[in-house]
Each structure stands twice: as structure tokens, then as C-alpha cells.
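Okay, structure first, notes after.
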Amino acid sequence: MLVRSALPSVRRGPQRDAGRLTGAALRCRAPALLGAALALLLGCSGAAQAPAARPARVVKTPPGQPKAPEGPPLLPAQVVAELEGEDAAPYFARRGDEALLLYAAGGRLRTRVIGADGAPRGDLVDAGPVAADVPVAALRAGPQGYIAAWIEQIGGSRAVRVLALDPAGKPVAPASPVAQTAEEITWLDVLPNAKGALVLWEMPREAQGDVDQGDVDRVDVVMTVVAQDKGAAIKPTAPASVARDVLGWHAVATERGAAVALVLPPAAPPPRAQGKPARKAEAEDAADTEKLGSIALLEIDATGKVSAPVAVSPEPTAQIDLEIAAVGGRYLLTWTDERDIDGAVYLAAVEPGGKVVVAPRQATPPSGEQALVSLVAPSAGGGRALLAWEDLLRPRDGERDGGAEPGGAGRLIHLASVGPDGALGAERAALVFSASGPPDLAADGDGFAAVTLAPARLKAPRDPAAAPPVWPTFVRFGPDLSVRAAEPVRAAPFAATDGVPYLVRGLSCHKGACVTLASAAAGAGPQQGGAGKASSAAGARAPLALVSLPVRESAWRAPAFREDKAPPPRATAVRALAEGDHLARVAAAELDGGAALVAWVTYFVEGASDAAPRGQDLSATLAVRAASPGGLGKLNVLTQKASSLGGVAIATAPPPPADPKGKGGASPGESVIAWVARERGETQVYVTRVDATGAKLAQKKLTTAPRKKQGGAASEASDVAIAYDGAGGFIVAWVDTRDGNAEVYAARVDRALNRTVPDRRITNAPLDAAEVQIAVRGQEAWLVWSDARPAGDAAAGGGAAGAGGEAAGDVFFARLDAKTLQRIGDESRLHASPEHSRSPVLAPHEGGVLVGWVDEPAGEDAAAGGGSAARGGAAAGGSGGRAWLVGLDNGGAVQGPPVAVAGPDGTPVSSIALACDKACRGVLASAPGDSVVLSAFSLAPGEAAAPALKQLAWLTGSASQDVSPVFAGRSGGSLFFADDAVSGSGRVRWMTIAWP
């Protein structure tokens with residue numbers, strides 16, 4: 001049995017141009033290859049990036065473990081062999097109620113029959129000589145006994161040899177040479193059938209160019225037919241080609257021969273016109289495309305006749321982690337696919353003969369980037385297969401069902417059964433795996449079994465504060481994926497290491513009994529706690545034991561649990577809307593029918609990019625896209641001259657009433673986007689009217705302020721906000737430095753974008769304002785913003801000083817007449833704090849407005865009096881930081897003291913999103929370590945207690961990013977935010993949330 005990395009060694013990123021901004025619009029980065037730890041394979045084939053061998057499902061116990069707890073019994077085990085060093089690979093194959101063990105020792109092959117009870121039967125058998133260097137081998141049960149094949153390194157050449165063994169493990173004849181070549185042979189497998197077997201191996205074809213430039217190694221698949229008459233020696237045929245220059249492959253044995261699934265490289269692009277240079281973005285796109293391929297299937301009969309390949313998924317969007325299994329008389333194929341920006345696990349079903357009966361489709365609901373882990377065929381006689389995958393935007397929400405504790409314990413691998421129709425069962429399970437590769441999985445009657453690496457915890461821990469050891473642990477699942485049994489793999493032969501073996505491999509089940517091979521480190525002696533690798537002397541031997549994995553009562557907690565629907569709030573789906581440069585700000589507005597309009601502006605540092613064509617003045621990109629339950633609309637790029645610091649805001653107006661003739665003044669679903677353009681080094685506020693698809697209908701410049709100053713920096717506009725005014729127009733607010741320091745300004749426009757109230761200065765303070773937000777309440781417009789005015793300011797009613805006695809910045813509130821934009825009363829400071837208050841948000845509800853913001857320790861940014869600088873990624877990764885919530889009634893009066901909300905386990909909060917309907921709901925982003933987690937909470941308006949948090953997802957981007965979460969609408973059902981993909985490129989993501 002072999003392990004495949006859960007993060008396949010291929011780049012991740014989009015391939016469909018409809019969801020991607022390319023070229024000068026967004027300077028796409030070529031994603032790097034993801035590495036994966038590779039180990040030795042134990043008798044299984046699959047796709048991997050040549051020339052590296054496929055990884056083995058070998059579970060290795062980490063060194064330096066805590067001492068084992070006393071009390072729980074060990075598992076039944078019998079020593080069946082002694083290996084020459086812990087790196088020696090044993091091979092194990094079942095045939096009916098018996099099994100055969102094969103391994104090399106002293107330059108000879110040894111075999112031993114294992115009975116149905118797991119006990120050895122008879123003595124060791126000498127099966128003949130073997131070369132000292134055998135990197136890969138395979139053992140399978142055949143029609144007359146067993147067939148073994150292996151690759152030998154002989155001087156500068158490689159050879160393939162095949163050996164037939166009778167049911168007692170004795171050679172029928174000496175090993176037969178099949179092929180010998182000076183070229184590499186990196187993998188091989190034995191596929192038995194009713195008349196013998198097919199032996200397939202792969203030979204890598206190295207890329208001619210630089211892999212970093214997109215060239216990818218490919219492989220040739222070669223075979224020999226091994227025929228075996230009853231009681232006679234095998235007769236291998238001359239090597240013959242199965243497929244050439246493929247990206248990856250995986251094969252399954254059938255009664256008729258074998259079925260081979262292939263990842264075919266994309267067709268060569270048309271030749272470029274002579275003398276025409278390639279754009280950088282085009283070269284990167286071409287390099288990305290070469291790393292993905294299309295899916296095809298071919299069959300081989302028992303005589304070696306190869307059928308023509310049948311196209312299963314013709315789009316060149318498949319990664320090379322393809323797997324195939326025979327399920328219910330069909331071939332089930334699965335792989336990670338990138339046709340919709342995010343990698344997703346796809347399934348297809350093919351009848352013998354090549355008819356595609358289930359077209360390729362996404363296997364699971366969208367959940368951000370996914371990666372295939374493995375596909376496990378059912379037990380003999382039919383049943384359902386097991387699909388295992390990993391969500392890279394993964395929840396880590398603590399214990400469930402008294403079992404696993406995913407938080408900080410490792411990766412969470414999802415499991416679901418799948419039938420021949422490619423449909424996943426409703427029952428789901430999750431398995432913790434604390435390593436880089438996949439766990440060992442096998443069919444267990446009508447259920448499944450796993451050997452994983454996970455923290456070993458007792459149900460009633462003797463010392464709850466003690467760190468648990470990380471040990472190989474088995475789990476047995478019922479047909480509904482409920483956990484039937486689970487224990488660490490501990491047995492008497494490994495007493496020197498607290499009963500824990502050094503390596504566990506070869507999980508196998510038959511008629512309700514499961515066993516696994518386990519070995520100690522060579523020369524392992526008694527150690528003080530743990531199961532670490534002991535130093536081995538030359539010639540030291542490692543005991544190999546067959547450990548039984550029973551279903552019995554256990555004091556150990558299982559590292560797995562049923563994934564019944566988690567209690568809300570929970571993320572029900574996550575999908576990407578676009579990929580490209582990193583994002584500075586995301587905005588969203590709700591449309592009719594559950595749809596939303598999403599706008600974003602990319603992060604751009606002026607003078608730091610050379611991507612603009614000569615003669616063009618490019619800055620950040622502003623784009624918009626519609627999203628609805630029925631799918632995504634066209635991606636519309638509104639401009640490539642936006643300012644990142646200007647941000648983006650969007651507001652939607654209801655359809656205007658019809659005139660007496662029955663004609664309306666505008667189409668339903670029109671929205672206005674406010675943003676800041678940078679042209680010739682100057683910034684001005686713009687407004688753009690778009691329809692429900694995001695297509696531009698009209699656009700006007702809102703401000704015309706002179707920006708250039710003699711002997712000083714030009715003034716800037718930033719931090720736009722917009723709201724529908726309730727009377728057919730829109731109110732735009734922003735921060736402007738035209739009068740020296742940064743102050744809040746506002747203006748009003750009608751549906752035609754004509755100004756009905758010109759620019760009006762709202763604030764007048766000695767230091768800077770930043771990050772204004774706006775909401776309309778009846779005849780009033782309410783503004784909140786962060787302001788660094790000093791303590792004791794009369795208009796503010798006092799305040800707090802930050803570092804060095806200077807104002808750190810607090811959140812202020814003002815009311816305006818929505819028609820004239822005249823201020824109603826004085827501004828008020830919502831909360832005086834010595835920390836730097838930033839990123840305020842507003843959420844109107846029937847009884848008033850909920851205001852939220854983020855406080856973080858006052859530092860250089862706050863002391864400088866600028867809130868804008870804190871919006872960047874540096875703030876997200878800073879120390880400390882809490883979210884604050886305060887309610888305002890319909891008269892603008894504060895309702896009770898502000899409520900502080902810290903991130904999970906006190907981690908720093910970087911941003912917050914709020915939405916209020918009958919209840920108020922929020923999502924905050926925090927940075928526990930090197931990544932960002934989104935957590936949800938609910939509270940009633942006016943509630944004084946801090947709300948409880950429920951984790952939604954861990955993002956794939958780093959902790960240094962500001963994800964800019966924003967709700968579309970008042971229900972909180974749709975959240976949009978920025979994130980970085982595994983590849984490093986920026987993505988706009990859409991999460992739907994189920995609330996209580």
C-alpha cells in the first residue's frame with residue numbers, strides 16, 4: 001500500500017479565463033510547485049511527477065515522543081520476520097483466507113505464508129537471489145499463486161524481473177528478466193487477471209527546458225504480459241508501449257486485463273508569428289497550462305492488446321493526482337481539477353469498453369481549494385468505494401462526538417463513500433493526520449479502515465495539560481462511516497519504545513479482520529519514553545510484526561469522527577470569483593433573488609511594477625462581478641487606473657416607481673460604485689453606475705479638487721464609502737487631504753450621477769481622519785470614522801493618548817441631514833481608548849445601528865495620526881488587537897458600554913464584518929500564528945455580553961494580509977473576502993453561511 005501526498009506536487013491556480021484577470025490588468029504570478037514528502041511504495045501504482053518514485057503509505061512515528069500512559073492494553077501481534085535495517089521494505093498480499101509476506105534479507109528473497117488468524121504458517125522459504133539495490137517492487141495474488149516483480153539497479157542500467165510463486169510461497173521457476181535499459185525506470189506494478197498478469201512500469205522523459213519556466217517531466221508507460229499455465233513457469237512477452245509522454249497514470253486490474261487512466265498533456269499551442277515577442281503574462285499562462293492535462297482511459301486485454309484512448313475529461317484542467325478504481329462493474333475515476341479557479345475533486349464513471357456514463361462533475365460542494373487524497377476500492381464482491389480529500393480552507397473547530405480534536409492536531413481529511421454512479425453518500429467522516437502524506441486506507445468488509453498518525457489521547461486523561469504523543473493509530477469505520485474502534489498501534493514486540501513501532505505499513509482487511517505490518521528501528525534498545533528512531537549498528541536487524549486491529553472497547557479517543565452537519569453558524573460553500581494580484585479592498589451589495597454584486601480593487605504600489613505597456617499609465621485594477629446561487633456572471637474590469645488607498649464601495653438602489661405611462665426611470669438592480677482614480681499622479685473620486693451583471697452604464701468624476709502643491713506632496717482622496725439616500729440618489733463620503741490634514745468629505749448625486757450637493761467638508765480637526773463608513777437612517781446619513789484628534793478635544797468630549805502622549809485614534813460618529821448633508825449636532829467619540837481604533841463598520845437594524853471596529857496597540861502608524869496605513873497587511877499580523885461593538889439607538893445615542901471581542905484563544909483581530917436583520921451577525925478575521933482564521937458570532941441588538949465565536953475556516957493566505965471581509969445584505973448569508981491561494985496569487989472568495 002502506498003501513500004500519496006494530500007497536496008499533489010503540481011501548481012495550483014486557475015485555467016478558465018472567465019474567472020481570471022490576465023495581462024496588464026493583473027500581473028499574474030506563476031505559482032510555484034508544491035513539494036511533497038515521498039516514501040517507498042508498497043505494491044500500488046498511481047500518478048506522480050516523474051522522476052520521483054510514488055510515496056508509500058508508510059506511517060512513521062516521530063522521534064522524541066512523550067512517555068506512554070500506563071494502563072491501556074496492547075494489541076495482539078506476532079513477529080513474522082526480521083528485516084535488515086528499518087528501511088527494508090516488506091510486501092504483503094492476500095489470497096483468499098491466507099496471505100504471503102515477501103522481503104529481502106542477505107541477498108535472498110524470503111517468503112512466509114500467513115494464516116487467516118494472522119499467525120505464520122510453516123517456515124521461511126528461500127525464493128532465490130535478489131540484487132542489493134531494489135528501489136521498487138510489487139507483490140500480487142495471481143490465479144496460480146502469487147506474482148512478484150521488481151526493479152533492479154545493476155551498475156549503470158535498470159532491469160525489471162518477474163517471479164511466480166505457488167500458494168506456499170515457493171518459486172515456480174527462477175526469476176525471469178523482462179527488460180533491461182540504461183534509461184530510468186521509476187515505478188512498476190503487477191495487475192493480475194484470470195490468465196496471468198500484466199506488469200506495467202514507467203520511464204520518465206525529462207523536460208528539455210527549465211522546470212521553473214513551466215516545462216514538466218512526462219513518462220512513458222511500458223508493459224509485459226505474464227502468462228502462466230496451470231503449474232507452469234511464467235512466460236513474459238517482450239516489452240510493449242502502453243502510452244507515451246503522459247503527465248500521469250494510474251491502473252486497476254480487471255478479470256479481462258487492466259484499465260489504465262491517463263493524464264494527457266495539452267495540445268501544443270499554435271506557433272507564434274515570426275518576430276512577435278511573447279508577453280510575460282502569456283508565457284506564464286502557457287507554463288501553467290503545461291502542468292495540467294486532460295483525462296483519458298484505455299483498456300488492455302489479457303494478451304496485451306491496447307485499446308484506443310477514450311476521452312473522459314477533454315478539458316486540460318486536471319492535476320496529475322488521478323486515481324481509478326473498479327466499482328460496481330464500472331471504472332470510477334477521480335482527480336483534482338482546476339477548471340473553476342479553485343482546485344476541486346472531480347469524479348467520472350466509465351463502462352468497460354469506454355462509454356462515459358457519468359460525465360466529469362465536482363464531487364463535493366465548493367469549499368475553496370481542495371486536494372484529492374485517495375480513492376479506495378471496495379472489498380471483493382462489490383459495495384461502495386471510499387473517497388478521501390482535503391479542504392485547504394479547512395475548519396478546525398475542536399472536538400465533536402467526544403472524538404478527534406482537529407485544532408492544532410494536524411490536517412483534517414474528509415471521507416465519504418461513493419457508488420458506481422459517482423454520487424457521494426450523505427454520511428461523512430473526518431480523520432486527523434499529523435503528517436505530510438495521506439493515511440493508509442483500506443476496505444473493511446462493508447466499511448473501511450485507516451492507519452493514521454495523530455495525537456494519542458485517553459478519553460479520561462490523567463494529566464489534561466500534558467502534551468499527547470503523536471503515534472500511528474488505527475480507526476475502523478462502519479458502512480455509515482461511524483467509528484467502530486480506534487487505538488494506537490502498540491504491541492509487545494516494541495516494548496523498548498513503549499510498544500509503539502517505528503514504521504507501520506501494509507494495512508489489510510479480510511472477512512472483518514484487519515492487520516497491519518509494523519517494524520521497530522534497527523537495533524532499537526530501551527529508550528526513555530517515546531518511539532524515536534534509535535541509532536543502528538551495522539548489520540542490525542529490525543523485528544517485523546503483524547499487528548491485529550480488533551474491534552473492542554478502548555480507553556483511547558479516536559482521531560476521527562462522523563461529520564454530521566455541524567451546528568450553525570457554519571460555512572456551507574466557498575468558491576473563488578477571480579484570481580490575480582493581491583487585493584486591497586472588497587465591497588459587496590445584495591441584489592434581488594439572493595444575488596450579489598461584488599467589487600474589488602487590487603493592491604498596487606506606485607512605481608513598484610513594470611507591467612504597464614509603454615505609454616500607458618496603469619495603477620490598481622477595479623473589477624466587479626455578479627454572483628448568485630445559479631452561478632457567476634461575467635467578470636467586468638472597470639478600470640486599470642484605480643487607487644488602492646482609495647478603496648471601493650458599492651450601493652444598490654431599488655427600482656424607481658413607474659410614471660403614469662407605466663415606464664420606470666431606470667432598470668431594476670442598478671448599483672453605483674464609488675472609487676478613486678489615479679491619473680497623472682493625481683487622485684479624484686469617481687462614481688460608476690452598473691447594471692445587475694456589473695456592466696458599466698455610466699461614469700462620472702465626482703471631485704475636481706486641485707491636487708498638486710508647490711514644494712509639497714499632492715493632496716489625496718481615499719477611503720470611499722457610499723449609501724443609497726432613500727430618495728432616488730446616493731451619498732458618497734471619502735477622506736481628503738485638500739485642506740492639509742485628512743478630513744471627511746461628502747457629496748450627493750442623483751441616479752444619473754449628477755451632483756445635487758457638492759463636496760462638503762464634514763470634519764475639522766487638527767489631526768487625520770480615516771476609513772469613513774456611511775449608513776442612511778430615514779432622513780439622516782450616519783457617518784463613522786477613525787480620527788486621531790488629540791485627547792481633550794472639545795468637540796470630541798475628551799479622549800485617550802497613545803504612545804508618546806499623542807492621540808492614538810478613536811472611532812467617531814456624526815449625523816447629517818440626508819438631503820443637504822448639513823451636520824446635525826456635534827460629532828461624538830464612541831469609545832476613548834489608548835489603543836489605535838481602526839476599520840469601523842456599520843450595520844443598521846430596526847432599532848438603530850451596530851458599530852464595530854478593531855483596536856490594536858498604538859504604534860508608529862497610530863502615532864503618525866494616519867489610519868490608512870493600518871489598513872495594510874502589516875496591521876493584520878500585529879500583536880494584540882480586539883474587535884469592539886457598540887449599539888446606537890435611532891436617535892444616535894450610545895446603548896450601553898462597548899463590548900470587546902477577542903479572536904480565538906485571544907489571538908489578534910485584523911478586521912470585522914457586520915450585518916443586522918432580526919439579529920446581528922458578524923465575522924471577524926484573526927491571526928493565530930502564520931495564517932488567518934474566520935470566526936462567526938451572533939448577538940441580539942443591545943446585548944452586553946461578549947458573543948461566543950465559532951470558527952468557519954482557516955484561510956490559505958498568510959497572517960500578513962488584510963482579508964477585508966464584507967457581507968452582502970442584512971441576513972449575513974453571503975460573505976465576500978480576499979485571500980491568497982496556495983500558489984500565492986490573490987483571490988476574491990465567496991462564502992455562504994448557515995446561521996442559527
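Keep in mind the model is a prediction, meaning the values are calculated, not measured.
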### Query
With no hydrogens and no angle check, is any side-chain donor or acceptor of R625 less than 3.5 Å from a backbone partner on L577?
yes
### Query
Do E369 and L393 touch side chain to side chain, with heavy atoms closer than 4.5 Å?
no
### Query
Will you find, in the side chains of N890 and R777, an N or O donor that is under 3.5 Å from an N or O acceptor?
yes
### Query
Under 3.5 Å, side chain of W853 to main-chain N/O of V841, donor-acceptor pair present?
no
### Task
For a salt bridge (charged side-chain N to carboxylate O under 4.0 Å, His left out) with R987, tell me which candidate from D581, D342, D979 qualifies.
D342
### Query
Less than 4.5 Å apart, any side-chain heavy atom of L638 and any of V624?
yes
### Query
Between the side chains of D391 and H414, is a donor N or O closer than 3.5 angstrom to an acceptor N or O?
yes
### Message
Is there a side-chain contact between P898 and L830 in this structure, where contact means two heavy atoms from C-beta onward sitting under 4.5 Å apart?
### Response
no
### Query
Between R789 and E827, does a salt bridge (Lys or Arg N to Asp or Glu O under 4.0 Å) hold up when you go through it step by step?
CA-CA 12 Å; R789 63 188 64 187; E827 306 149 335; 2.8 Å; yes
### Query
Between atom CG of D592 and atom OG of S628, what is the distance when rounded to the nearest 0.5 Å?
12.0 Å
### Query
Counting only heavy atoms not in Q779, do more than 12 fall under 6.0 Å of its CD?
no
### Task
Indicate yes or no for a side-chain donor-acceptor contact from S935 to the backbone of L949 under 3.5 Å, with no hydrogens or angles considered.
no
### Query
Any side-chain heavy atom of F604 within less than 4.5 Å of one from T621?
no
#### Entry: Trace of the side chain to side chain contact (heavy atoms under 4.5 Å, CB included) decision for W884 with V854
CA-CA 6 Å; W884 287 85; V854 174; over 6 Å; no
### Query
Would T693 and D691 count as having a side-chain donor-acceptor pair, cut-off 3.5 Å?
yes
### Message
Quick one: does any side-chain atom of R689 pair with a main-chain N or O of R751 as donor and acceptor, under 3.5 Å?
### Response
yes
### Query
Are any non-hydrogen side-chain atoms of V720 and V685 less than 4.5 angstrom apart?
yes
### Task
Evaluate side-chain hydrogen bond (donor to acceptor under 3.5 Å, both in side chains) for H582 paired with D980, printing each intermediate quantity in order.
CA-CA 7 Å; H582 301 290; D980 287 349; 2.9 Å; yes
### Query
Are E771 and S786 linked by a side-chain donor-acceptor pair shorter than 3.5 Å?
no
#### Entry: Nearest-0.5 Å distance, CG of residue L842 to CG of residue L850
9.0 Å
### S974-W990 side chain donor-acceptor pair, cut-off 3.5 Å
yes
### Task
Inspect the contact between D340 and R575 and indicate whether a charged nitrogen and a carboxylate oxygen are less than 4.0 angstrom apart.
no
### Query
Counting only N and O atoms by type, is there a donor-acceptor contact under 3.5 Å from the side chain of S931 to the main-chain atoms of A959?
no
### Task
Go through the steps for V901 and L924 under the test side chain to side chain contact (heavy atoms under 4.5 Å, CB included), then give the verdict.
CA-CA 9 Å; V901 185; L924 58 83; 3.6 Å; yes
### Message
Donor-acceptor check, side chain of D768 to backbone of A742, threshold 3.5 angstrom: yes or no?
### Response
yes
### Validation row: R585, W600 side chains within 4.5 angstrom (heavy atoms)
no
### Task
Kindly indicate, with the supporting measurements, whether the criterion side chain to side chain contact (heavy atoms under 4.5 Å, CB included) is fulfilled by F812 and S828.
CA-CA 6 Å; F812 283 75; S828 60; over 6 Å; no
### Message
Pair L888, F813 - check side chain to side chain contact (heavy atoms under 4.5 Å, CB included), show working.
### Response
CA-CA 10 Å; L888 305 178; F813 165 68; 3.8 Å; yes
### Message
Would S833 and D855 count as a side-chain hydrogen bond (donor to acceptor under 3.5 Å, both in side chains) here? Give the steps.
### Response
CA-CA 8 Å; S833 169; D855 266 10; 3.1 Å; yes
### Check: A765 main-chain N/O paired with E743 side-chain donor or acceptor under 3.5 Å
yes
### Sidechain N-carboxylate O distance under 4.0 Å for D917, R921
no
### Message
Test your reading of the model: is there a side-chain donor-acceptor pair from Q961 to the backbone of V963, 3.5 Å cut-off?
### Response
no
### Task
Determine, stepwise, if the pair T652 / E670 fulfils side-chain hydrogen bond (donor to acceptor under 3.5 Å, both in side chains).
CA-CA 6 Å; T652 298; E670 289 187 1; over 6 Å; no
### Query
So do the side chains of V757 and K819 get within less than 4.5 Å of each other, counting heavy atoms only?
no
### Task
Using atom types as modelled and distance alone, determine if a side-chain donor or acceptor of N636 lies under 3.5 Å from a backbone N or O of K634.
yes
### Task
Please name the pair of heavy atoms, one in L952 and one in A571, separated by the smallest distance, quoted to 0.1 Å.
CD2-N, 3.8 Å
### Message
Is the shortest side-chain heavy-atom distance between I912 and V923 below 4.5 Å?
### Response
no
### Stepwise side-chain hydrogen bond (donor to acceptor under 3.5 Å, both in side chains) test for T688 and W675
CA-CA 8 Å; T688 304; W675 54 284; 2.9 Å; yes
### Query
Counting only N and O atoms by type, is there a donor-acceptor contact under 3.5 Å from the side chain of K950 to the main-chain atoms of P569?
yes
